[in-house]
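Comments concern the structure below.
In the text below, chain A, chain B and the rest are named by the order of the sequence lines, each starting its count at 1.
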Amino acid sequence: MNQRPEKSIYPELNINQLQQIEADILKFWKDKAIFQKSLDSKEPDNRFNFYEGPPSANGMPGIHHVVGRTYKDLFCRYKSLQGFAVPRKGGWDTHGLPIELQVEKKLQITKEDIGKKISIEDYNQACKETVLEFQHVWESLTEQMGYWLDLENPYITYKNEYIESVWHIVKEIANKNLIYRGYTIQPYSPAAGTGLSTHELNQPGAYKEVSDTTAVACFEILEIDKVNAAFGISIEKAFFLAWTTTPWTLPANTALALGPEINYSIVKSLNPYTKEVQHYILATDLIEQWFDAKHLLEKDKNLEEKEYLVLAQTKGKQLSQIAYHQLMPFEANAPQKINGACFHTILGQFVTTTDGTGIVHIAPSFGADDRKVANENGIGELKLVDLSGKFIDGLDWLSGRYVKDYKDEQDYKAPDIDIVISLKTQGKAFNVKKYIHSYPHCWRTDKPIIYYPLDAWFIRTSQIKSQLINNNHKINWYPESTGSGRFGQWLENIQDWNFSRSRFWGIPIPIWIDESQENFMTIGSISELKALIEESLSSNLLNETEKQDNRKFLDKLHSADIDLHKPYIDWVTLVQGDKKYKRVSDVLDVWFDSGAMPYAQHHYPFSMDDANLQKFFPADFIAEGVDQTRGWFYTLHVLSTILFDTPAYKNVISNGLLLDSQGEKMSKRKGNVVDPFKAIETYGADSLRWYIVSNSAPWENIKFDLKGVEETKRKFFGTLVNTYSFFTLYANLDQFIYEENEFKPTHELDRWILSKLNSLILEVASHLDDYDSFKAIRAIQNYLDRHLSNWYVRLSRRRFWKNYETQDKIDAYQTLYLNLVTLSQIMSPFAPFLSDWLYINLTKSHHQVAKRNTNYTLESVHLSNYPKANLDLIDLELEKTVDMAQNICSLGLSLRKKEKIKVRQPLNKILIPILKEEDEALIRKIEALVKAELNIKTIDIVPPNSGLFQKKAKPKFKELGKILGKDMGKAQEIIQAWTTEEISKIETMSEFDLDVNGKTYRIHSAQIEILTDDMPGFTVARDQGITIALDLTLDQSLIEEGIARELVNRIQNFRKEAQFEVTDRINITLDTIGNTEFDKAIETYRTYIMEEVLADNLSMTALPKDSESIDINDIYINWKIFKI
RNA sequence: AGUCUCAUAGCUCAGUUGGUUAGAGCGCUACACUGAUAAUGUAGAGGUCGGCGGUUCAAAUCCGCCUGAGACUACCA
């Protein structure tokens, strides 16, 4: 062995250094602008476009953000390695409700205070300051986790350029006549005077258990003939029964809905309040809900109280379009006030018989479902409650009363009560009772909400449904099911997109509407706005204030501090023709902001023309959480379909969610959140990333457990560090430097691991091309752990120990080096830090000797090219053979274990029976390996027909199943019962007849699988078709060799404990205390022992009794060992 | 309520187009190995593949229903 050199070529590496390495590499990337170089070094038109879904930086990032970003970074780095330029512009989502709510909380105000206690200007300023409050934290996480993203020039959605692009898009959509004004039924809080988002409704505690008055109302039928016809009866008067938990909506009733396939009965009974005999229609299944079955009569008679009779039954579809009398007619809800048909029955699939009467009271302005079914049937609607929650004028005794107690009035009486009393006295109520149910409440006022029609702007997405679906088919979804299922289903049932929000902090909708509320115009750019303002100023339609405001805005436009947000934009009043246009005060849905990102991030079309945009559009790849399906994924898709009729992205991963180790969603409330910074600090970003990716496929949920990260670090990175350390230990001693051009491996192990390596290169690439990072990373793990470390290195160790330069040793170095460098490249998308460290430190030495610029002389692994598989080096036959060797060794070791014979004790031979002559050559190839690994002298191969072992046969089910069909089971029994002789006979034939259940089948021998079984007289082990037997007899020479090996082992342990250097030489004195067997063993193996332990002298002398002693197979000897 | 996903060892997960001993890692137990050593090997215990039914010669795998977990959307008259 060479002397330890002064300088190491390859620095040492320890598992505890990983965090320091990450910090060093980060600094290196920054100092040398490696990210920028990775973009610049590629052919600019060979682009792989990635879109970053903008996070909002108004809060701390969580560990789940690391998950999505790991996948984003992984595939971008991989594509970069493959030679693509992968621009990755960062972005920040800056608008939206969560931010507004956060600011309201911070300022301790509510929405109503905005514009009163605080000016919109100040409010929006506060939002702007809040929204990027945590930007530096996000940037620091991005950096620390190794997510390469252009943070220098991010797109920010509140910037004027961004807003202008969005305006352009809104105008484009308007130009296609896809924008209209309408209203939506939204949760509305009369107490707070504001609409609520579903998000607010989902606040904990928003749903409360309340006790409400419910009523079953009786709607008297007008067209009784139709009822008689449908039931085949003849009566004069009948009622539909409909149940409601909100009697106050009954004046607004305009229709009744029945289920087409539901059975309805007509029941004769007394009205419980008026005691009149009447006929009622309700769902058959629900009769017993309202009538006591024990009072059911078989035959008609004079009805007593509670008694009832079922006259006839029919399907709901027979009862459609039947007119009824209005339940509660007033002036304000007279038919002429209704903008459509009214007071007849309609059919709705949503009607169920789970509760109520199977007939649903429809008040279209107070329920989304109601409105939908009403629209479909041309039913009109009534808005009988104003925005403060009061009944409007024209409703007699109801007018002016609050629907619910919004004001905490002293003597408040719910209109519900008066309504049901009124119905009772008129014989229009069948049942009235209290009912406890959960109902949404306003989280600010604690008052019940109502569903109320509010003005809103829509994009006619339903009109472009087929385009949307068609374009969705062009997208590769990972997993596929999200695209066809969740997203596809959503598109199939698409509703028009309500893209307006009556909030303040958002992109102002660039729409101006005239006083009639019928005409509107859309502004698509700042210059257009400017021109129109100037034009409007010359019109005499504007009053002085309006002109002043316009001028004020114009001044702002000309100055540098122009801000397109509210309130400034609301100053603008426009004139066109003879009409004055005021701006719609709403802002855009934030999802519109992010969906516009492909265009707005480039300030398209103002700073980038169409031709250039096409270079960055559509995205080749995006990745976000599955919860974005109806968020970002959707709005990207809608906008690109409208603008260019193409998808906005070609490949999309919808990654799963991050749950805690119990499978529960992480939330601050539960206190089960994991701090990403802490995780990175403790285990390193590489370990964290590796854990995430190797845990499951990207689209599966992850049950996150820090213990798993630790295990990853220990298992994978520990093994990697060990393998590298092994290499450097000897490579430094021998001053090894890789020579790339002259390498022709000859050693079986070298050829094998290189074959494995090249197979790995192909396998990883093919999985990553499928966006299956999980399979890719598992392949890498398997290769490193099972093949490179635990087989190649373990078996090759002796080759590195050799004392002199041989071709074999150089080959071993070359092979291991090649594996390590290639591995650093393959794993670089997954573990960008350590892989770069490895690459840099392994290739540094190579830079000087390299004759040209190659894949191994680059500044960083991330600038290198994905290794090209050398197909010539892939030898599947060899890979299979080594698999067999591993198998044999494992079997051999298990036999030794069973027989309690240490591996250090050499044994004479093992026996391996083979079924085909050609297998012998295979085994001979790996003979040396197996012999060394199992510490045996020879391998005896037992030829097929030696009669020494038994055979077993098994049908090949896949092939024979088709032929034998039902007889398969019986055939299996027959075949497995065959004796060794019968099997041997079958083997000589290519085909034979098999009788099963009286039928004869012609079967090929190849359709039978033959296995080796027992070897009588030997202890055998069997697995995967291989059987081995171990010869356990020990002779004197084997025992002596065993002693020598034990001694070497003890001396090596001593050297280690005494912390001798690997190269230190020693002197040994031994005293066997008269044990002649030991004396003889040591004499025989003297040279072997001295070589193994680097001893210059080995003397056998008596030592003092109190000398250090050592135990070998329960025999004690004394020794003395010196370092020279 | 609708749409979708998931359910395999104590834990985290594999299991290709259905094919006969259902695998790996962790953890546990025992033994071994050890000049890569906070590493490693071998072995053991641990599974009616969520339940029921169906298709098939053959089901963890395909189909139906149910149960449980989760996501999104909507909302209960």
Side-chain angles (χ1 to χ4, degrees), chain A residues 15-16 198 201 214 242-246 249 256-257 350-352 354-363 367-370 437-440 451 479 481-482 484-490 492-493 495 625-631 656-657 659 661 663-665 694-696 699-703 705 707-708 711 714-715 718-719 721-727 729-730 774-775 778 781-782 785 789-790 793-794 797 800-801 889-890 893-898 900 902-904 954-962 964-972 1049 1052-1053 1055-1056 1060 1062 1092-1094:
Chain A
I15 187 80
N16 296 319
T198 46
L201 235 47
T214 68
W243 183 60
T244 179
T245 54
T246 52
T249 62
L256 292 171
F350 68 95
V351 180
T352 64
T354 50
D355 51 18
T357 61
I359 300 177
V360 179
H361 142 63
I362 301 291
D369 254 358
D370 289 19
H437 63 148
S438 83
Y439 193 83
Y451 288 89
S481 62
T482 300
S484 56
R486 187 178 285 207
F487 197 66
Q489 293 285 344
W490 169 255
E492 289 292 343
N493 300 309
Q495 304 289 316
V626 67
D627 49 340
Q628 294 293 330
T629 311
R630 282 147 193 186
L657 297 157
L659 310 170
S661 52
E664 299 218 28
K665 206 178 170 178
S694 62
N695 186 278
S696 54
W699 39 85
E700 305 277 6
N701 292 346
I702 295 182
K703 285 187 199 161
D705 194 350
K707 277 190 284 187
E711 183 190 324
R714 212 180 55 233
K715 286 284 298 169
T719 307
V721 165
N722 273 336
T723 309
Y724 170 82
S725 300
F726 174 84
F727 170 79
L729 180 63
Y730 298 104
F774 173 70
K775 283 190 177 153
R778 291 253 166 147
Q781 278 180 185
N782 194 37
D785 184 50
S789 170
N790 277 316
V793 171
R794 201 158 56 86
R797 279 179 298 190
F800 293 91
W801 298 343
C889 290
S890 152
L893 290 170
S894 81
L895 277 178
R896 274 181 172 276
K897 150 96 183 160
K898 192 150 69 177
K900 294 193 164 51
K902 290 181 175 182
V903 179
R904 262 198 299 270
K954 209 169 84 179
K956 288 186 182 167
F957 288 93
K958 212 166 178 172
E959 295 173 28
L960 284 180
K962 285 177 202 140
L964 293 170
K966 283 193 206 294
D967 293 327
M968 189 68 227
K970 183 75 188 158
Q972 179 186 3
N1049 166 251
Q1052 299 287 35
N1053 284 351
R1055 286 182 60 114
K1056 193 147 177 220
F1060 291 1
V1062 187
E1092 286 291 309
V1093 302
L1094 301 187

Nucleotide forming a Watson-Crick or wobble pair with B/A36, both distances under 3.5 Å: none
Base-pairing mate for B/A30 - Watson-Crick or G-U, with both contacts under 3.5 Å: B/U42
A/R778 side-chain N/O to A/K775 backbone N/O, donor-acceptor pair under 3.5 Å: no
Shortest side-chain distance from A/K958, nucleotide among B/C76, B/G19, B/A36: B/G19
B/U8 and B/G47, which share atom name C1', separated by this distance in whole Å: 8 Å
Considering all heavy atoms, the nearest A/V1093-A/R1055 contact: O-NH1, 2.8 Å
Touch class at under 4.0 angstrom, heavy-atom based, for A/E1092 against every strand present: base
Sugar-phosphate, base or nothing in reach of A/G961, heavy atoms under 4.0 Å: base
Sugar-phosphate only, base, or nothing, as touched by A/N1049 at under 4.0 Å among non-hydrogen atoms: sugar-phosphate
Whole angstrom value for the distance that separates C1' of B/A14 from CG of A/N695: 12 Å
Of A/F774 and A/K956, the one whose closest RNA chain B nucleotide lies more 5': A/F774
Donor-acceptor pair under 3.5 Å, A/S789 side chain vs B/A36 base: yes
A/Q1052 side-chain N/O to A/E1092 backbone N/O, donor-acceptor pair under 3.5 Å: yes
Distance in angstrom units between A/E492 CD and B/C4 C1', rounded: 14 Å
Pairwise P distance, B/U12 and B/U55 [rounded to whole Å]: 36 Å
Gap between atoms CZ and C1', on A/R797 and B/A39 respectively (whole Å): 10 Å
Sidechain-backbone polar pair: A/N790 side chain, A/D785 backbone, donor-acceptor under 3.5 Å: yes
Euclidean distance for C1', B/A32 against B/C49 (whole angstrom): 34 Å
Distance between C1' atoms of B/G10 and B/A1 (Å, rounded): 37 Å
Phosphate contact (B/U16 OP1 or OP2) by A/K775 side-chain N/O below 4.0 Å: no
Candidate nucleotides B/C13, B/U21, B/A39, ranked by approach to the side chain of A/N722 - the nearest: B/A39
Euclidean distance, A/R797 CZ relative to A/L729 CG, rounded to 0.5 Å: 12.0 Å
Distance, rounded to the nearest Å, where A/D785 contributes CG and B/A36 contributes C1': 13 Å
Side chain of A/T723 - closest among B/A36, B/U21, B/A14: B/A36
Under 4.0 angstrom between A/R778 side-chain N/O and B/U12 OP1 or OP2: no
Distance, rounded to the nearest Å, where A/M968 contributes CE and B/G18 contributes P: 17 Å
Spacing of the P atoms in B/C11 and B/G27 (rounded, Å): 16 Å
Nearest-neighbour nucleotide for the A/K966 side chain, B/C57, B/C13, B/U40 considered: B/C57
Whole-Å P distance, B/A69 and B/A30: 39 Å
Sugar-phosphate only, base, or nothing, as touched by A/K715 at under 4.0 Å among non-hydrogen atoms: sugar-phosphate
Sugar-phosphate, base or nothing in reach of A/E711, heavy atoms under 4.0 Å: sugar-phosphate
Value rounded to 0.5 Å, distance of CD in A/Q972 from CZ in A/F957: 3.5 Å
Interatomic distance at C1', B/U17 relative to B/A60, whole Å: 16 Å
Integer angstrom distance from the C1' of B/U40 to that of B/G51: 42 Å
Sugar-phosphate, base or nothing in reach of A/T244, heavy atoms under 4.0 Å: sugar-phosphate
For atom CD1 of A/I359 and atom C1' of B/C76, their distance in whole Å: 17 Å
Under 3.5 Å on both distances, the Watson-Crick or G-U partner of B/U73: B/A1
Sugar-phosphate only, base, or nothing, as touched by A/V1093 at under 4.0 Å among non-hydrogen atoms: base
Any-strand Watson-Crick or G-U partner of B/A58, both distances under 3.5 Å: none
Atom-to-atom span, CH2 of A/W490 to P of B/U3 - whole angstrom: 15 Å
Euclidean distance, atom CH2 of residue A/W699 to atom C1' of B/C4 [Å, nearest integer]: 16 Å
